[in-house]
Amino acid sequence: MPASHPTEFVTALLLAGGEGRRMGGVDKGWVALDGVPLAERAAARLRPQADALLISANRNLERYAALGRVVADAPEFAGGGPLAGLEAGLSACGGGWLVTAPCDLPFLPDDLAARLLAPLLRGEAPLSVARCGGHPHPVCMAVSADLLPSLRDYLRGGGRKVREWQARAGAAMVDFDDAPQAFRNLNTPDDLAAASQG
C-alpha cells in the first residue's frame with residue numbers, strides 16, 4: 001500500500017449526485033423527512049463511522065459543503081452515474097479505504113463501515129457490498145483505494161453499471177439481514193410519506 005494511503009484511515013462518501021427523476025427532478029438530498037433533509041440524516045449516520053466525510057454532488061454545492069468536503073464528478077466522467085461519484089471520491093480519498101452510501105438512505109446502520117470493511121481488512125476482497133434479505137445494495141460498499149485505476153479503466157471503456165464493475169473487481173457480499181429498515185430507499189414522494197408515518 002502506498003505511503004500516501006495509510007491503511008488505517010477510512011473515508012466515507014455520501015453519494016448525492018443523482019438526478020432525482022423519481023422525485024420529480026429535485027435534488028433528493030434536500031428533500032426533508034420529518035423536517036430534516038435526507039442528506040443531513042445520512043451524513044449524520046456516516047460521519048461518526050469514518051475519519052473524513054466527502055459528499056459527491058453536482059448541484060447545490062455550497063449547501064452540501066456544510067455537511068462535508070464536496071467532490072464533483074470529473075469532467076471526463078460526467079454523466080457516469082454513481083461510478084463517476086465513486087471515482088471522484090476515490091481520487092480525493094485520504095486513506096486506503098472508502099465507504100459509500102447514497103443520500104436517500106436515512107436509516108443507515110451505525111456499524112455499516114465496520115461491517116463492510118471487515119472482509120477488506122482480512123484480505124478477503126478489495127471491495128464489499130451490503131446485502132439485505134438476499135438483495136444487494138450496490139451503492140453501499142467499501143472499496144480499497146487501490147481499485148481506482150481499474151475503475152477509471154472501466155469508465156473510460158464506456159462502462160456505467162455498478163454491479164458489473166463490482167463483480168469484475170471481485171466484490172464480497174456482507175449481509176445485514178438484522179437491519180432491514182436500514183436499507184429502505186426513499187426514491188419517490190410515496191416512499192417519503194410512508195417513512196414519515198413510521
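Taking SG of Cys103 as the start and CH2 of Trp30 as the end, the distance is 9.5 Å to the nearest 0.5 Å. Note that CG of Leu33 and CG of Asp104 are 11.5 Å apart. Values are rounded to the nearest 0.5 Å. Residue Cys140 holds its SG atom at 7.5 Å from CG of Leu116, rounded to the nearest 0.5 Å. In this structure, the separation between CZ on Arg45 and CZ on Phe107 is 8.0 Å, given to the nearest 0.5 Å. To the nearest 0.5 Å, atom SG of residue Cys132 and atom CE of residue Met173 are 13.0 Å apart. Distance check: Phe77 CZ to Leu83 CG gives 10.5 Å after rounding to the nearest 0.5 Å.
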Determine whether Met141 and Val99 satisfy the following criterion, side chain to side chain contact (heavy atoms under 4.5 Å, CB included), listing intermediate values before the conclusion. CA-CA 6 Å; Met141 61 182 136; Val99 175; over 6 Å; no
One pair to check against side chain to side chain contact (heavy atoms under 4.5 Å, CB included): Lys161 and Tyr154. What are the steps and the verdict? CA-CA 9 Å; Lys161 296 178 180 176; Tyr154 179 74; 3.7 Å; yes
Check against side chain to side chain contact (heavy atoms under 4.5 Å, CB included), Asn58 and Asp73: CA-CA 7 Å; Asn58 296 304; Asp73 294 353; 3.3 Å; yes
Verdict with reasoning, Ser91 to Leu148, per side chain to side chain contact (heavy atoms under 4.5 Å, CB included): CA-CA 7 Å; Ser91 296; Leu148 180 57; 4.0 Å; yes
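Side-chain contact check for Asp27 and Tyr64: at least one donor-acceptor pair (N or O, by modelled atom type) lies under 3.5 Å. Between the side chains of Arg163 and Gln166, no donor-acceptor pair is found at a separation under 3.5 Å.
Scanning both residues, Ile55 and Ala16, for their nearest heavy atoms gives CG2-CB, 4.3 Å. The two residues Ser128 and Val174 have their closest heavy-atom pair at CB-CG2, 3.9 Å. Shortest non-hydrogen contact noted between Ala142 and Leu117 is CB-CD2, 4.0 Å. Summarising the geometry of Gly89 relative to Leu98, their closest heavy-atom pair is C-CD2, 3.9 Å, with the distance given to 0.1 Å. Residues Pro126 and Gly170 come closest through the heavy atom pair CD-O, 3.8 Å. Among all heavy-atom pairs drawn from Leu147 and Leu127, the shortest one is CD1-CB, 3.9 Å.
The residues Glu76 and Arg152 are annotated as not salt-bridged, no charged nitrogen and carboxylate oxygen being separated by less than 4.0 angstrom. Remark: Arg168 does not engage Asp153 in a salt bridge, criterion side-chain N to carboxylate O under 4.0 Å.
Cation-pi geometry between Arg115 and Phe176 is met: under 6.0 angstrom from the ring centre, within 45 degrees of the axis.
A donor-acceptor pair is defined here as one N or O able to donate and one able to accept, closer than 3.5 Å; no such pair exists between the side chain of Arg69 and the backbone of Leu53. Between the side chain of Thr100 and the backbone N or O of Leu13, no donor-acceptor pair lies under 3.5 Å. Of the possible donor and acceptor atoms, one in the side chain of Gln49 sits under 3.5 Å from a partner among the backbone N and O of Leu112. Looking only at distances, no side-chain donor or acceptor of Asp51 sits under 3.5 Å from a matching main-chain atom of Thr11.
Transitive grouping of hydrophobic side chains (ILVMFWY, heavy atoms separated by less than 4.5 Å) brings Leu67 and Leu61 into a common cluster. Taking hydrophobic clusters as Ile, Leu, Val, Met, Phe, Trp and Tyr residues chained together by side-chain heavy-atom distances below 4.5 Å, Val36 does not share a cluster with Leu46.
Counting heavy atoms from C-beta on, the side chains of Leu105 and Phe183 come closer than 4.5 Å. Residues Leu54 and Leu14 have side chains not in contact (no heavy-atom distance under 4.5 Å, counting atoms from C-beta outward). Side-chain contact check for Leu155 versus Trp165: every heavy-atom pair is 4.5 Å or farther apart.
Of the residues Asp178, Asp177, Asp175, the one that meets the salt bridge (charged side-chain N to carboxylate O under 4.0 Å, His left out) test with Arg131 is Asp175.
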